[in-house]
Amino acid sequence: MYLGLDIGTSAIKAVLVDDGQNVLATAETPLAISRPQPGFSEQNPEDWWQATLASIDKLKAEQPAALAAVRGIGLSGQMHGAVLLDAFGKVLRPAILWNDGRSSAECRELEDRFPALHRIAGNLAFPGFTAPKLLWVRKHEPDLFARTAKVLLPKAYVGYRLTGEMVEEMSDASGTLWLDVGRRDWSDEALAATYLSREHMPRLVEGSAAAGRIKPELAARWGMETPPVLAGGAGDNAAGAIGLGAIGANDAFVSLGTSGVLWATTDRYAPNPQSSVHAFCHAIPATWHQMGVILSAASALGWWANVAKEAPGDLLAPLGDAPKAPSRATFLPYLSGERTPHNDTAIRAAFIGMDHDTGRDELTQAVLEGVSFAFKDCLDALTAAGTRLTQADVIGGGSRSRFWIAVLASVLGIPLNRVEDGERGGAFGAARLARMAATGESPAEICLPPRRIETIEPDPVLQQAYAERHALYKALYPALKGVTS
């Protein structure tokens with residue numbers, strides 16, 4: 001038996017997986033986000049820990065014998081968050097999260113201080129990343145910065161509470177801007193640019209390697225026969241890729257979650273920071289990936305559902321299985337700013353092209369198309385980085401909508417695959433990493449792809465119409481930026 005834990009932003013999710021890779025039980029405990037100022041986003045790390053305990057306790061209540069037989073535990077985690085610990089391992093302040101935008105000025109400072117950043121870290125300095133957050137803390141909370149002995153990412157903090165050891169793995173570490181992504185090691189120069197050193201960092205392992213063992217008192221709490229191995233784990237998207245079996249070069253998927261990701265696995269380090277493409281390590285050895293990231297995907301539909309005072313499913317139902325033509329309205333989905341390709345925290349969303357006859361269904365379709373156009377921007381950025389995709393799987397909550405996948409296929413111009421269990425997420429991938437860490441089995445043996453339910457091909461007529469609409473969409477960005485800046 002293997003246990004996967006997803007340390008998410010909205011919940012801690014746990015999944016119990018048997019030796020046949022069947023999911024026996026799941027549990028989830030919700031989390032809240034604090035927004036003390038506009039653009040700020042924080043959580044208390046103790047909340048993650050208590051929710052982790054609660055989720056595993058739920059599994060014990062449901063499957064005590066199976067939980068007792070767990071041999072390995074894996075962690076998937078929300079990326080980029082900054083957990084600051086003092087010399088005694090005590091949390092110094094609430095964690096600053098991935099969707100926190102306070103450190104824009106510090107991003108410019110970091111790039112000025114460390115001109116080699118793009119080459120070594122493989123990415124632009126985004127406010128959501130970890131390193132600029134520490135410059136912000138140094139500037140605005142100097143006493144806390146001076147007391148900071150260790151900086152952990154969210155899942156590494158939970159791992160620390162589980163094992164007593166401070167360990168991080170390559171995929172999550174890639175999102176700090178402190179990792180030499182090509183060498184898969186901390187960069188002394190990048191750390192020095194933020195007034196830190198290796199002493200402030202956890203030990204590094206590969207995601208499929210053992211990072212430690214669970215504390216005996218916790219194993220006893222959950223009735224485990226022996227303290228299980230804890231795997232290095234993975235950042236949330238890398239864990240999703242492990243769950244999908246996206247471990248070979250050019251394996252690709254689209255994640256229609258709260259935010260959106262266009263992922264491509266690579267067998268080499270291939271950065272293209274000028275296009276705001278993320279080049280990160282994968283969670284398995286000698287493997288990397290590229291990602292285009294948009295900040296509002298399914299959350300854009302959630303926002304529109306809230307405005308329309310309807311459930312998302314009720315908004316989607318009248319649209320059918322596939323579009324007949326583009327919506328006459330255009331939606332720019334920059335509700336929280338944007339990463340790829342703009343790296344713009346200030347830009348905001350808009351509807352364009354409405355008239356007296358524009359109705360709810362047309363605006364719903366425009367929201368789905370606007371998010372799809374943002375993914376097309378990501379695809380163009382990956383293409384500029386030398387990656388050419390011929391197909392992709394679709395995962396996340398948005399994958400339930402066949403209409404949305406049909407829109408996306410025609411916008412991207414590639415076939416998209418609906419897959420079985422497309423919403424099982426990072427916790428399942430974390431359980432696979434736990435198995436590899438506990439047994440020594442290879443990724444090729446364990447990371448098998450899910451069954452594809454349906455392949456949706458681009459519609460040639462719609463593909464041309466969407467290409468024209470995407471050109472309009474791209475032209476609107478500079479005008480909208482002028483309005484909102």
Side-chain angles (χ1 to χ4, degrees), residues 1-7 12-27 48-49 52-53 55-57 59-60 63-77 152-173 184 202-236 238-239 241-243 247 281-285 287 426-448:
M1 298 293 172
Y2 305 96
L3 176 62
L5 296 169
D6 182 26
I7 315 305
I12 303 294
K13 301 174 185 176
V15 59
L16 194 58
V17 178
D18 68 13
D19 288 346
Q21 301 206 44
N22 302 301
V23 175
L24 297 185
T26 63
W48 304 331
W49 178 239
T52 297
L53 295 176
S55 294
I56 302 177
D57 287 348
L59 292 181
K60 182 184 178 183
Q63 292 277 355
L67 190 66
V70 164
R71 300 172 60 194
I73 298 176
L75 301 175
S76 162
L152 299 184
L153 296 166
K155 81 171 191 310
Y157 176 75
V158 173
Y160 166 57
R161 297 294 297 268
L162 286 167
T163 66
E165 299 186 45
M166 298 184 188
V167 184
E168 191 48 271
E169 53 74 42
M170 305 301 174
S171 68
D172 220 354
R184 304 173 86 91
R203 175 168 58 92
L204 282 171
V205 299
E206 294 288 349
S208 54
R213 284 194 177 272
I214 305 307
K215 293 176 181 177
E217 59 267 30
L218 292 173
R221 172 181 179 141
W222 296 315
M224 294 168 173
E225 297 161 0
T226 58
V229 168
L230 180 72
D236 48 9
I242 294 294
I247 60 172
C281 298
H282 206 331
I284 54 175
T287 312
F428 181 78
R432 283 182 160 180
L433 291 167
R435 177 168 177 168
M436 287 184 271
T439 67
E441 292 170 287
S442 71
E445 293 175 286
I446 302 305
C447 301
L448 304 175

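The first residue in the sequence is number 1, and the count goes up from there.
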Taking the side chain as C-beta and beyond, is there a heavy-atom pair between [X] and [Y] under 4.5 Å?
| X | Y | value |
| --- | --- | --- |
| Y2 | T439 | yes |
| L67 | M1 | no |
| V17 | N22 | no |
| L162 | W49 | yes |
| L218 | I56 | no |
| M224 | I73 | yes |
| Q21 | I446 | yes |

Which distance, rounded to the nearest 0.5 Å, do you find between the [atom1] of [X] and the [atom2] of [Y]?
| X | Y | atom1 | atom2 | value |
| --- | --- | --- | --- | --- |
| L24 | L3 | CG | CG | 11.0 Å |
| K215 | R221 | NZ | CZ | 12.0 Å |
| L75 | I7 | CG | CD1 | 5.5 Å |
| I242 | I284 | CD1 | CD1 | 5.0 Å |

| task | Answer yes when D19 and R435 have at least one side-chain N-carboxylate O distance shorter than 4.0 Å, and no when they do not. | result | no
So which heavy atom on [X] is nearest to which on [Y], and how close?
| X | Y | answer |
| --- | --- | --- |
| P227 | P216 | CG-CA, 4.3 Å |
| A234 | A283 | CB-CB, 3.6 Å |
| E168 | P202 | CB-CG, 3.6 Å |
| A430 | A239 | N-CB, 4.4 Å |
| L5 | A14 | CD2-CB, 3.5 Å |
| A27 | S55 | CB-O, 3.4 Å |

| Do the side chain of R432 and the main chain of G74 share a donor and acceptor less than 3.5 angstrom apart? |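 Here the side-chain-to-backbone pair does not exist.
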| For residues T163 and E165, is any side-chain donor paired with an opposing acceptor at under 3.5 Å? | no
| said: If you apply the rule side-chain contact (heavy atoms from CB on, under 4.5 Å), what do you find for V167 with Y160, and how did you get there? | reply: CA-CA 7 Å; V167 184; Y160 166 57; over 6 Å; no
| task | Can you spot which of E169, R184, M436, H282 makes a side-chain contact (heavy atoms from CB on, under 4.5 Å) with E206? | result | R184
| task | List the steps and the verdict of side-chain contact (heavy atoms from CB on, under 4.5 Å) for M170 and L204. | result | CA-CA 7 Å; M170 305 301 174; L204 282 171; 4.1 Å; yes
| Given V15 and D6, is the side-chain contact (heavy atoms from CB on, under 4.5 Å) satisfied, shown in steps? | CA-CA 9 Å; V15 59; D6 182 26; over 6 Å; no
